[in-house]
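Okay, structure first, notes after.
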Amino acid sequence: KMHLVSLLSQLDNNGDGTTSREEFFAAIERPDVQEFMSALGIDPDHAAEVFLLLDEDGDGIVNLQEFMGGCERIRGEAKSID
């Protein structure tokens, strides 16, 4: 879980503890963030879909709870496909 918190902090440019759509798409272009997401089993090439899955309430902002739950769901779905 610390890895996910670390990833969220990398995506959070303004330090408010959340990641906006804009922050997410800016960060996803960074090679270090792409590598981190890949290591978690999340395909950076599917950034738009990933953000929609993470943003449970559809407000355009992903908080820590949404982020943690969404990453776990995404990882679970990826494993079930394999």
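Owing to the predicted nature of the structure, the values given are computational and were not obtained by experimental measurement.
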Worksheet item: Under the side chain to side chain donor-acceptor pair (under 3.5 Å) test, which residues partner Glu29, sequence neighbours left out?
Response: none
Worksheet entry | Leu64-Ile61 co-clustered via ILVMFWY side chain contacts under 4.5 Å | no
Practice prompt. Starting at OG1 of Thr18, measure out to CD of Glu23 and round the result to the nearest 0.5 Å.
Written response: 6.0 Å
Worksheet entry | Residue pairs involving residues 4-17 (criterion salt bridge (Lys or Arg N to Asp or Glu O under 4.0 Å); sequence neighbours excluded) | none
Item to complete: Please confirm whether the backbone N or O of Asp32 pairs with a side-chain atom of Glu35, one donor and one acceptor, at under 3.5 Å?
Response: no
Practice prompt. Identify, with sequence neighbours excluded, every residue that meets side chain to side chain donor-acceptor pair (under 3.5 Å) alongside Arg21.
Written response: none
Just list the side-chain donor-acceptor pairs under 3.5 Å for residues 46-58, sequence neighbours left out, or say none.
residue: His46; atom: ND1; partner: Asp43; partner atom: OD2; Å: 3.3
residue: Asp55; atom: OD1; partner: Gly58; partner atom: N; Å: 3.3
residue: Asp55; atom: OD1; partner: Asp59; partner atom: N; Å: 3.3
residue: Asp55; atom: OD2; partner: Asp59; partner atom: N; Å: 3.3
residue: Asp55; atom: OD2; partner: Gly60; partner atom: N; Å: 2.7
residue: Glu56; atom: OE2; partner: Arg73; partner atom: NH1; Å: 2.8
residue: Glu56; atom: OE2; partner: Arg73; partner atom: NH2; Å: 3.4
residue: Asp57; atom: OD1; partner: Asp59; partner atom: N; Å: 3.2

Worksheet item: Shortest non-hydrogen contact from Phe24 to Leu11?
Response: CD1-CD1, 3.9 Å
